[in-house]
Visitor: 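One structure follows; several queries about it will come next.
Chain A is the first sequence line, chain B the second, and so forth, proteins listed ahead of strands; every chain is numbered from 1.
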Number of protein chains: 2
Amino acid sequence: MENVRNLFQILARNFGLLNEQCCDNCCGQEVSLVQSHILYEINRQHQPSMQEIAGALGMDITTFSRQVKTLADKGFVKKTPHPADNRINILSLTPEGLAIENAIHLTVNAQLHGILSTMSEFEKDTVIRSIQLFNDAMQKSDSCCVPPK
Amino acid sequence: MENVRNLFQILARNFGLLNEQCCDNCCGQEVSLVQSHILYEINRQHQPSMQEIAGALGMDITTFSRQVKTLADKGFVKKTPHPADNRINILSLTPEGLAIENAIHLTVNAQLHGILSTMSEFEKDTVIRSIQLFNDAMQKSDSCCVPPK
DNA sequence: TCAAATAGTTGCAATTTGCAAATATAAGAG
DNA sequence: CTCTTATATTTGCAAATTGCAACTATTTGA
């Protein structure tokens, strides 16, 4: 009841390790862990700008700019000028980028399901619903998870 | 039921942001995020060696060695040669290191409780129990969360 | 007693990071 | 319409982080 931090710290660490390993396994030296986060978020959003993705990930925009350039050079991400505002670049995944994102997604998802498979149906449902609940609560709380300005 | 990855990806990301912000807020330029992870794990284990902490965090031992040196130079971590084996260094927090770790712990814990406070008692309990359950399942699963050899 | 194993540290060289300053474009005031 | 200001993104640069290979120091075991 008290030590909530421990739970989340360990969870986040373990998921991070799993994520990193999966990333290594499915896409070899193709993309780094942070780059995989970028692919993930571009895929998730609808015609996002650089700012939007960088903001969602809490990344410094200059660091982000360079990482996107790397991904674009590798042919995984495409930058399209916004039709109504040339300052803005719309980001999208190329077919190759999408393939990598999908590979990572399937691998991570399979690992997670493997872990959940040790539980009863009821427990599994409860765990999933709980995390959903917590994510929603986090989203609503503006005191946190808002990247610094 | 299907898309478990999304849930964990977002959870881990948001907790990461929260963790980072807390770290900035309580200890200013004192320690970086990775260094805070090191303090956390040293505090958690009982007379740990370098290998044990680096292993738990999935960090490369050489990177870890340098980070520990930085922390030792700052006076937050102490390295004590193992009495029975001089190759091994036992790591421990200095009072200053412990103070920082405690400050981070309290801040993160408070934030998390703030988020949980928007839920009913029942929901709160369920969420906490669920994460406990999942962490245990992860620990048992040897297919993941085992840093690459 | 000496060859292998183990713990940890350094020498690089590449990558990543973020602040400050620059560029490019758009929007608004007059 | 023109000039100031705001917004989006990129670069310069210098510091911090990373990891592989090689090295040192100790211990273990044949």
Visitor: Pairing donors with acceptors under 3.5 angstrom, does anything connect the side chains of B:E96 and B:T94?
Guide: yes
Visitor: Between A:T62 and B:T62, which has a closest nucleotide on DNA chain C that is more 5'?
Guide: B:T62
Visitor: Among C:dT9, C:dA7, C:dT25, find the nucleotide with the atom closest to the side chain of A:D85.
Guide: C:dT25
Visitor: Whole-Å distance between C:dA7 P and B:Q51 CD?
Guide: 5 Å
Visitor: Closest-nucleotide mapping onto DNA chain D: is A:E20 or A:K79 further toward the 5' terminus? I mean the 5' end.
Guide: A:K79
Visitor: Measure from CD on A:E52 to P on D:dT7 and round the result to the nearest Å.
Guide: 15 Å
Visitor: Which of these nucleotides, D:dA21, D:dT9, C:dT17, is closest to any side-chain atom of A:M50?
Guide: D:dT9
Visitor: With respect to the side chain of B:Q67, which nucleotide from C:dA7, D:dT18, D:dC20 is positioned closest?
Guide: D:dT18
Visitor: Could you check A:V34 against B:S65 and say which one's nearest nucleotide on DNA chain C is further toward the 5' end?
Guide: B:S65
Visitor: So, B:Q47 versus B:H82: side-chain donor-acceptor pair below 3.5 Å or not?
Guide: no
Visitor: Tell me: CG of A:D60 to C1' of D:dT10, nearest whole Å?
Guide: 12 Å
Visitor: In this structure, how many angstroms lie between the P atom of C:dT15 and the CG atom of A:L71, rounded?
Guide: 14 Å
Visitor: Would you mind checking if A:R5 and B:E101 are paired as a salt bridge, meaning a charged N to carboxylate O distance below 4.0 Å?
Guide: yes
Visitor: Rounded to the nearest Å, what distance is computed from the NE2 atom of residue A:H82 to the P atom of nucleotide C:dA24?
Guide: 21 Å
Visitor: Expressed as a whole number of angstroms, how long is the span from B:I61:CD1 to D:dA21:P?
Guide: 16 Å
Visitor: Do the charged groups of A:R13 and B:E41 touch, with an N to O distance under 4.0 Å?
Guide: yes
Visitor: Counting side-chain heavy atoms from CB outward, which of D:dT27, C:dT10, C:dG8 is closest to B:N86?
Guide: D:dT27
Visitor: I need the CE-P distance between B:M59 and D:dG19, as an integer number of Å.
Guide: 8 Å
Visitor: Spell out yes or no: do the side chain of A:R87 and the base of D:dT9 have one donor N/O and one acceptor N/O closer than 3.5 Å?
Guide: no
Visitor: Just the rounded figure in Å: distance from C1' of D:dT10 to CZ of A:F64.
Guide: 13 Å
Visitor: Counting side-chain heavy atoms from C-beta on, which of C:dT9, D:dC13, C:dT25 comes nearest to A:R66?
Guide: D:dC13
Visitor: Respond yes when some side-chain nitrogen or oxygen of A:T63 is under 4.0 Å from OP1 or OP2 of C:dT16, and no when none is.
Guide: no
Visitor: Are A:K69 and A:D73 within salt-bridge range, i.e. N to O under 4.0 Å?
Guide: yes
